[in-house]
There are 2 protein chains.
Amino acid sequence: MAMADAACSSEQTGTGRRRFSPLLTIEQVASRTGLTKRTLRYYEELGLLRPTGRSDGNYRLYSEDDVERVERIKELRDLLGFSLAEIRAFLEADDEREQLREAFRQESDVEARLAQLERCDTLIQRQLQLIEQKITGLEQLRSSLQARLDRHAQRRAELLQQRSSLDK
Amino acid sequence: MAMADAACSSEQTGTGRRRFSPLLTIEQVASRTGLTKRTLRYYEELGLLRPTGRSDGNYRLYSEDDVERVERIKELRDLLGFSLAEIRAFLEADDEREQLREAFRQESDVEARLAQLERCDTLIQRQLQLIEQKITGLEQLRSSLQARLDRHAQRRAELLQQRSSLDK
DNA sequence: CTTAACCTTGACGTAAACGGTAAACCTGTG
DNA sequence: CACAGGTTTACCGTTTACGTCAAGGTTAAG
């Protein structure tokens with residue numbers, strides 16, 4: 001069995017406490033996320049995912065953040081039923097927000113910071129709108145099914161009453 | 001222009017009031033639902049949709065119920081992101097419920113009717129569970145975005161305060 | 001009855017989202 | 001350092017969900 005504790009290129013702190021979590025091989029990411037290695041490479045090819053680094057031998061190395069991103073992709077794919085292209089757009093908004101965060105921390109001018117917040121909010125609003133649209137559609141579906149159950153409960157009550165009056 | 005008022009094979013009632021809505025051609029269903037004719041034929045091929053009848057010349061004829069079913073399919077596809085195979089399974093549950101409804105109306109035994117209601121309910125419950133699972137996932141996503149907006153509102157308030165104290 | 005416009009059933013083509021395999025390279029263990 | 005097993009890129013194959021085209025039958029209007 002090879003590659004037991006792979007790629008500890010990020011070292012420990014002087015005291016022995018881990019400052020950076022060790023980077024992961026593609027196999028480890030695959031087993032943690034339930035995706036196949038092929039799929040991870042494919043997502044990278046589409047620009048959805050960029051592993052934090054590469055080993056000396058050109059092996060992909062993933063950080064915990066990368067794993068989180070993978071989970072995010074899965075969520076968007078399974079919950080929202082988005083195509084990978086749509087997910088890409090969605091994540092690009094995330095990325096721009098990340099950039100804005102960085103810029104925000106370096107910016108000192110109050111007006112500029114307010115403008116950045118504004119921009120960031122519109123990005124979020126757009127995502128929220130998409131999600132809420134899906135939710136209302138689903139809730140509509142749910143309530144129609146629920147109504148059916150309610151009608152059945154009504155019928156059931158009638159039938160039970162019928163039965164008890166016969167039992168007498 | 002051909003096929004102006006196609007396929008009135010279902011006739012009127014004696015009084016002139018329409019008892020049955022006229023059946024529709026594939027073109028009409030396509031334009032009403034926004035799907036293409038090809039897609040409608042494909043769905044039929046997969047067993048998702050079976051037009052109510054055929055004309056003498058072997059043209060597909062759709063009823064209003066058929067149109068509703070198409071809308072249902074669209075919902076399941078777009079909202080839930082289901083594959084057509086999953087939609088097929090979902091609709092088969094609908095169909096069994098429909099059969100149960102018929103059986104229910106013909107059944108007079110109270111116990112039997114109760115059992116049918118029970119069976120019907122479990123079918124609905126299964127569908128509900130799927131939907132609710134999606135909804136909670138989406139709501140989680142939504143609240144995380146909302147939290148971000150809230151934090152930004154907080155920051156914005158701080159910045160505005162800063163500005164006003166400088167204005168002074 | 002002719003004809004434009006619609007329909008039918010194939011059959012082939014395609015984009016998306018991967019699966020699988022080959023050829024060559026990397027890595028930890030004995 | 002040998003080697004089993006993990007990884008890389010490259011490329012071809014497959015399934016799903018249709019698009020598109022061809023050959024031939026149907027329908028309504030003139």
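So you know, we letter chains A, B, ... as the sequences are listed, proteins then strands, and number each from 1.
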Please write out the pairs of protein N or O atoms and N or O atoms of nucleotides 16-19 of chain C separated by less than 3.5 Å, giving the distance to one decimal.
{"unit_1": "dA17(C)", "atom_1": "OP1", "unit_2": "L84(A)", "atom_2": "N", "d": "2.9"}
{"unit_1": "dC18(C)", "atom_1": "OP2", "unit_2": "Y43(A)", "atom_2": "OH", "d": "2.7"}
{"unit_1": "dG19(C)", "atom_1": "OP2", "unit_2": "T36(A)", "atom_2": "OG1", "d": "2.7"}
{"unit_1": "dG19(C)", "atom_1": "OP2", "unit_2": "T39(A)", "atom_2": "OG1", "d": "3.2"}
{"unit_1": "dG19(C)", "atom_1": "N7", "unit_2": "R38(A)", "atom_2": "NE", "d": "3.1"}
{"unit_1": "dG19(C)", "atom_1": "O6", "unit_2": "R38(A)", "atom_2": "NH2", "d": "3.1"}

Q. Can you find a side chain N or O atom of R54(A) that sits less than 4.0 Å from OP1 or OP2 on dT9(D)?
A.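 For dT9(D), OP1/OP2 do have a side-chain N/O of R54(A) under 4.0 Å.
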
Q) Between dT7(D) and R60(A), is there an OP1 or OP2 to side-chain N/O distance shorter than 4.0 Å? A) no

Given atom [atom1] of [X] and atom [atom2] of [N], what is their separation to the nearest angstrom?
X: E45(B); N: dG10(C); atom1: CD; atom2: P; answer: 10 Å
X: N58(B); N: dT27(D); atom1: CG; atom2: P; answer: 9 Å
X: L49(B); N: dA17(D); atom1: CG; atom2: C1'; answer: 15 Å
X: E27(A); N: dG28(C); atom1: CD; atom2: P; answer: 16 Å
X: D56(A); N: dT7(D); atom1: CG; atom2: C1'; answer: 14 Å
X: L61(A); N: dG6(D); atom1: CG; atom2: P; answer: 17 Å
X: K74(B); N: dC18(D); atom1: NZ; atom2: P; answer: 12 Å
X: Q28(B); N: dA5(C); atom1: CD; atom2: P; answer: 18 Å

**Q.** Salt bridge flag under 4.0 Å for residues E64(B) and R32(B)
**A.**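 Salt bridge flag = yes for R32(B) with E64(B).
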
Q: In sequence, state the C-alpha distance, the side-chain angles, and the governing distance for Y43(B) and L35(B), and then conclude on side chain to side chain contact (heavy atoms under 4.5 Å, CB included).
A: CA-CA 11 Å; Y43(B) 286 177; L35(B) 299 183; 3.9 Å; yes

Q) Under 6.0 Å from the CD atom of Q161(B), do we count more than 12 heavy atoms belonging to anything else shown? A) no

Q | Partners passing side-chain contact (heavy atoms from CB on, under 4.5 Å) against Q99(A) (at least two apart in sequence or in another chain) | A | none

(Q) With side-chain hydrogen bond (donor to acceptor under 3.5 Å, both in side chains) as the criterion, how do Q127(B) and R148(A) come out once you've worked through the C-alpha distance, each side chain's angles and the decisive distance to 0.1 Å? (A) CA-CA 12 Å; Q127(B) 294 185 337; R148(A) 245 169 247 243; over 6 Å; no

Q: Would you confirm whether D66(A), through its side chain, and T52(A), through its main-chain N or O, come within 3.5 Å as a donor-acceptor pair?
A: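 The answer is yes, because a donor-acceptor pair under 3.5 Å joins these two groups.
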
Q. Which one of R54(A), R69(A), R38(A), R50(A) satisfies the salt bridge (charged side-chain N to carboxylate O under 4.0 Å, His left out) criterion with E44(A)?
A. R54(A)

Q. Of G57(A) and Y62(B), whose closest DNA chain C nucleotide lies nearer the 5' terminus?
A. Y62(B)

